[in-house]
Amino acid sequence: MEGTQAQVHHYRLYIDGEWVETDERIPVTHKYTGEVIATIAKAKRQHVEDAVTRALETFRRSALTPSHRSDILLEASRIAEKRREELELSLVREVGKTRKDARGEMDRVINTLRLSSEEAKRIAGEMVPLAATPGAENRLGFAIRVPKGVIGAITPFNYPLLLSTHKVAPAIAAGNTVVLKPATATPIASFLLVELLEQAGLPKGHVNIVTGSGSQVGDWLLDDPRIAMYTFTGSAEVGAAIKQRSGLRPVALELGNNSPNIVHEDADLDLAARLIAQRSFHNAGQACIAVQRILVAESVAEAFTEAYLKEVRQLRVGDPEDPETDVGPMISEAEAIRAESWVQEAVAQGAELLCGGRRDGAVFHPTVLTRTTPAMKVNCLEVFAPVVTIIPYRTIEEAFAVANASSYGLQAGIFTNDLNIAMRAARVLEYGGVIINDVSTYRNDVMPYGGIKNSGLGKEGPRYAIEEMTDLRMVVMNLKQ
């Protein structure tokens with residue numbers, strides 16, 4: 001990293017531990033003020049090929065043992081803890097997330113590094129009982145887990161430090177090397193992550209960073225047959241394109257959602273209203289598992305809506321650097337304009353606006369709609385903005401049907417005090433995760449996280465990501481009789 005002018009830093013490509021300059025630069029802005037806070041180098045195809053070459057060479061010569069990899073990741077977590085104030089402020093500025101949200105992201109980054117450190121020492125295979133088959137009594141069989149090689153990691157703008165960590169840390173723990181392409185809007189976090197890892201002792205070449213647009217740099221990564229696996233977080237459309245172009249190489253895809261959250265008639269309404277209001281609009285609604293559709297039993301819909309709106313109206317909107325702010329700007333004014341247009345379209349089609357709907361530049365105020373229809377964009381698509389809809393239902397079967405009437409299936413939430421209904425929800429709801437008496441937004445970094453249908457393939461969470469990033473290799477020994 002080098003300073004180019006006051007308060008503006010330039011980040012070059014990072015290949016084999018060296019900073020590589022290019023002919024073009026891309027600005028990175030403060031998402032609330034709009035001022036340029038950094039520039040990044042724009043990679044060409046040759047740079048991407050060089051990064052993969054160096055990553056493959058490093059993989060083949062790396063002598064990092066599981067214990068050594070574990071120590072590096074644990075030390076990186078300690079360094080992140082010491083530098084958390086700096087890292088949080090960087091997230092606030094380049095992403096636009098509030099200090100509260102940045103604090104939560106840093107908690108999870110530190111935890112994910114620690115979990116990956118622990119899992120690095122737990123990678124193991126299994127014994128296979130070959131001798132149980134007649135004629136194979138002298139055979140000994142076991143399977144071992146081996147790293148795949150070079151992992152191509154493509155990360156989104158909304159949690160740039162955390163989601164880079166969720167891809168890079170398990171890859172390192174498993175013994176792979178990485179070529180990382182961060183989102184062009186929020187690349188600084190990835191450079192800071194590599195800085196943490198190298199300060200912790202990670203040798204050069206194990207993680208390489210190439211920056212530029214997904215349509216160019218991402219495609220060049222997909223074109224390189226030397227990449228053994230791709231891990232991507234982003235839209236369903238891009239995820240589908242990655243799957244089509246990756247051929248027989250494995251992919252892990254964490255894609256979108258339009259998360260349903262069911263509030264049944266027997267639920268603790270105060271708890272449901274408080275938790276849903278607190279988590280409906282975090283990160284300005286820009287999270288794959290953000291609350292989007294609130295399904296409420298008709299008998300309690302009026303009481304819940306009143307309690308929920310009371311909580312929502314208390315949220316503070318504005319400058320994300322103010323520690324008291326609850327909702328900051330979206331990633332860009334263009335995205336805020338899109339969200340505004342979806343809300344206006346829903347209202348024109350008959351929806352009722354209960355609160356919000358106002359935009360100030362890139363800031364879109366928390367918005368609650370009701371009387372929507374399933375075909376409206378705010379229901380059937382992923383809104384990825386601080387917008388929710390309240391949908392009454394008559395029976396729990398109807399609620400399950402509405403929740404499942406989606407092309408997505410990442411996570412869902414349900415509030416109920418009936419254990420039988422809770423367990424039915426766990427079995428009936430077509431989602432990768434079902435959260436009971438909490439919102440769909442809940443994620444603990446230790447758990448397997450990933451969806452079904454158009455929400456993706458594979459699981460994240462260090463233990464599960466390591467399984468995705470390793471091959472199970474069968475070993476058979478023919479012993480002397």
Side-chain angles (χ1 to χ4, degrees), residues 11 13-14 26 28 31 38 40-41 43 48 51-52 55 76 80 87 90-91 94-97 101-102 105-106 108-109 112-113 116 150-172 176-197 206-222 227 229-239 241-243 246 251-256 283 286-289 331 384 410 443 445 449-451 455-462 465 468-469:
Y11 294 86
L13 308 182
Y14 195 61
I26 302 171
V28 181
K31 300 308 182 290
I40 58 173
V48 175
V52 177
L87 297 170
S90 180
L91 288 171
E94 79 160 329
V95 187
K97 61 180 55 194
D101 287 341
E105 180 164 353
M106 275 308 303
R108 293 181 57 195
V109 166
T112 301
L113 287 166
S116 299
V150 179
I151 306 295
I154 304 175
T155 55
F157 71 80
N158 56 340
Y159 287 85
L161 187 55
L162 176 63
L163 296 182
S164 291
T165 303
H166 261 290
K167 299 181 187 308
V168 171
I172 296 302
N176 298 295
T177 56
V178 182
V179 178
L180 172 63
K181 196 212 87 65
T184 305
T186 57
I188 299 173
S190 294
F191 288 101
L192 294 176
L193 174 61
V194 172
E195 189 176 298
L196 293 176
L197 290 167
H206 283 76
V207 181
N208 305 268
I209 302 179
V210 288
T211 48
S213 70
S215 60
Q216 285 189 330
V217 177
D219 283 353
W220 294 334
L221 283 171
L222 287 168
I227 294 180
M229 175 187 172
Y230 298 94
T231 173
F232 168 79
T233 299
S235 71
E237 293 77 15
V238 176
I242 289 173
K243 186 175 183 297
S246 62
V251 294
L253 304 174
E254 197 275 279
L255 309 176
N283 211 40
Q286 299 167 123
C288 297
I289 45 178
I331 193 64
F384 221 63
L410 188 48
R443 180 180 178 183
D445 298 291
Y449 174 76
S455 288
L457 297 167
K459 298 292 183 182
E460 286 191 345
E468 303 276 353
M469 295 177 177

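Using a 4.5 Å cut-off on side-chain heavy atoms (C-beta onward), Leu457 and Val251 make contact. Between Ile172 and Ser116 the shortest side-chain heavy-atom distance does not fall below 4.5 Å. Contact of the Tyr159 side chain with the Asn283 side chain is registered, since non-hydrogen atoms from C-beta on lie closer than 4.5 Å. Inter-residue side-chain proximity for His166 and Thr155 is flagged as unmet; no heavy-atom pair is nearer than 4.5 Å.
In this structure, Ile289 CD1 and Leu410 CG are separated by 6.0 Å, a value rounded to the nearest 0.5 Å. Going from atom CG of Leu13 over to atom OG1 of Thr211 covers 4.5 Å, rounded to the nearest 0.5 Å. Tyr14 contributes atom OH, which lies 9.0 Å from atom CD of Glu195 (distance to the nearest 0.5 angstrom). With rounding to the nearest 0.5 angstrom, the CG atom of Leu222 is 5.0 Å from the OH atom of Tyr230. Taken to the nearest 0.5 Å, the CD1 atom of Ile242 stands 9.0 Å off from the OG1 atom of Thr231. The OG atom of Ser455 sits 11.0 Å away from atom CG of Leu253, with the distance rounded to the nearest 0.5 Å.
Side chain of Asn158 to main chain of Gln286: a donor-acceptor pair is present (N/O by atom type, distance under 3.5 Å, no hydrogens or angles). In this structure, the side chain of Thr165 does not engage the main chain of Val109 through any donor-acceptor pair within 3.5 Å. A side-chain donor-acceptor contact under 3.5 Å links Asn176 to the backbone of Met469. Using modelled atom types, no side-chain atom of Ser164 and backbone atom of Leu161 make a donor-acceptor pair closer than 3.5 Å.
Counting all heavy atoms, side chain and backbone alike, Ala43 lies closest to Trp220 at O-CZ3, 3.4 Å. Shortest non-hydrogen contact noted between Ala189 and Leu91 is CB-CD2, 4.3 Å. Heavy-atom minimum distance, Cys288 versus Phe384: N-CE1, 3.8 Å. Closest approach of Leu113 to Ala80, counting heavy atoms only: CD1-CB, 4.4 Å. Annotation for Asp219 and Ser215: closest pair OD2-O, 2.7 Å, computed over non-hydrogen atoms. Taking all atoms of both residues into account, the shortest heavy-atom contact from Glu105 to Leu162 is OE2-N, 3.0 Å.
Classification of Lys167 and Glu254 as a salt-bridged pair fails, no side-chain N sitting under 4.0 Å from a carboxylate O. Note on Lys459 versus Glu468: no salt bridge recorded, every NZ/NE/NH1/NH2 to OD/OE distance being 4.0 Å or above.
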Pairs of donor and acceptor atoms involving the side chains of residues 177-188, under 3.5 Å and at least two apart or interchain, shall be tabulated with distances.
from   : atom 1 : to     : atom 2 : distance (Å)
Thr177 : OG1    : Ala55  : O      : 2.9
Lys181 : NZ     : Gly212 : O      : 3.0
Thr184 : OG1    : Gly212 : O      : 3.0
Thr186 : OG1    : Phe157 : O      : 3.4

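The residue from Val238, Ile331, Thr233 that alone fulfils the side chain to side chain contact (heavy atoms under 4.5 Å, CB included) condition with Pro156 is Thr233.
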